[in-house]
Amino acid sequence: MEQSQRTGRLAVTISVGLALVLAGGAGFAVGSMTGSVDSAAATPGVSQSPSPTASAVEPVPGPTVPVDDAYAAALDDSLQLGSETLAEGQSGRSDINQSDGDLKVLNWVETEDPVFFVTIDDGIEKSPEALAVIERYQIPVTAFLTEYAVRNHTDYFEAVTAYGGSVQNHTMVHGALDDPSTDVQWEICETQDRFEKQFGYRPWMLRPPYGAGPKDPDVVKHSAECGINRIVLWNIVVTDDNMVEYWEAPIKAGDIVLLHFGSKLAEGLEMLVSLGKAQGLRPAALEDYI
Ligand SMILES: [Zn+2]
């Protein structure tokens, strides 16, 4: 399952069933935009049957994601676009919100302020509708971008992050940083150099693709030597189909939400703002808290 999850276009959109499989007994609830969010919220910690096999699940083909240059197209087979999800041991309000020396790995933020954090990954689609929602609510967005998706689109991502957010590192070509065949130094450090040129500042946060290897010695080493001091995971996912995966519903102060630059991002952001509002929370800039 791990391999098919990381490769191939079928993984672009995860079915609820697959999301539950991936939850694998980790015990988080899944809701949807159409009304089950509330029922999910009412039953936190829904337990799932432990580790069913992937073959028991029919993957749902996702939409075709347009790629806008030949370079991206050439890399497409090795990329998995937007199907990161919570996996046991890497998410939830665990002891991961702690410091390893100067480099801190976190997937939520300890705060009593009534805030949550909006992070959006990859950057494949540059939706004007999503940008309009960000502008309407003035949402501080931390955009974890894959370098190949950024080229010639810096204006879009500067606009997306204009409300207190920032552009941060999500590697060059979305390699799994715990995979021995991945050039970890290049994935992290080349992105740092290129983003510094493109955006005028050097990123200081890294989101490893798939959430893989945040404490891997190579990841820690190359992050530190190239200017990263925060490795940021997440504890809520709004999927590309605008399903909500909670570690522990409902959304709470300090939660870090993961979305992707997909075709339904505008609706997902609207929904997320509403979910937060229902709990008395507003989006705030991660940059101000970590
Ligand atoms: Zn990603």
Side-chain angles (χ1 to χ4, degrees), residues 2-14 18-19 22 62-63 65-68 71-73 75-87 90-91 105-107 117-127 130 141-151 153 156-157 160-161 165-179 182-184 186-188 190-192 194-195 203 205-214 216 219 223 228 230-243 245 256-265 268-269 286:
E2 196 68 5
Q3 206 49 41
S4 65
Q5 182 192 343
R6 290 183 178 183
T7 57
R9 307 195 65 124
L10 286 181
V12 169
T13 302
I14 296 186
L18 181 55
L22 291 171
V65 179
V67 288
D68 54 13
Y71 179 70
L75 292 166
D76 190 49
D77 283 348
S78 66
L79 295 173
Q80 175 247 31
L81 307 173
S83 65
E84 290 138 303
T85 189
L86 298 172
Q90 73 180 36
S91 298
V105 181
L106 66 152
N107 63 346
F117 306 103
V118 178
T119 69
I120 312 179
D121 282 15
D122 298 348
I124 306 301
E125 294 207 18
K126 290 84 178 170
S127 154
V141 170
T142 306
F144 287 97
L145 301 178
T146 307
E147 197 277 340
Y148 84 87
V150 168
R151 295 170 195 180
H153 300 286
Y156 180 81
F157 294 112
V160 160
T161 54
S166 61
V167 166
Q168 299 291 344
N169 190 330
H170 194 46
T171 74
M172 290 293 293
V173 295
H174 213 265
L177 299 182
D178 62 347
D179 186 325
T182 298
D183 185 339
V184 173
W186 180 74
E187 287 279 21
I188 295 173
E190 183 71 15
T191 305
Q192 292 290 95
R194 292 194 188 202
F195 281 4
M205 301 182 210
L206 168 71
R207 173 163 286 160
Y210 322 103
D216 181 284
V219 174
S223 293
I228 299 288
R230 294 291 181 271
I231 293 181
V232 180
L233 303 176
W234 59 89
N235 67 350
I236 295 179
V237 177
V238 176
T239 71
D240 288 357
D241 277 341
N242 291 330
M243 309 297 286
E245 300 175 355
I256 298 175
V257 185
L258 164 65
L259 305 96
H260 288 91
F261 287 97
S263 60
K264 297 178 183 172
L265 177 59
L269 286 168
L286 190 55

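Residue numbers count from 1 along this sequence. All heavy atoms count here, side chains included; hydrogens, waters and symmetry mates do not. Whatever order the structure lists them in is the order used to number ligands and atoms, beginning at 1.
- Close placement of the F261 and F157 rings is indicated, their centers lying within 6.0 Å of each other.
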Legend entry - side-chain contact (heavy atoms from CB on, under 4.5 Å) evaluation trace for Y148 with D122: CA-CA 9 Å; Y148 84 87; D122 298 348; over 6 Å; no
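- Centred on the Zn ion (ligand 1), the NE2 atom of H174 and the NE2 atom of H170 lie at an angle of 100°, reported to 10°.
- Looking at L269 and V141, their side chains never come closer than 4.5 Å, going by heavy atoms from C-beta outward.
- Counting just the N/O/S atoms of D122, the one with the shortest distance to the Zn ion (ligand 1) is named OD1.
- Applying the side-chain contact (heavy atoms from CB on, under 4.5 Å) rule to T161 yields the partners A143, V167; only residues at least two apart in sequence or on another chain are considered.
- The nearest N, O or S atom of H260 is not closer to the Zn ion (ligand 1) than 2.8 Å.
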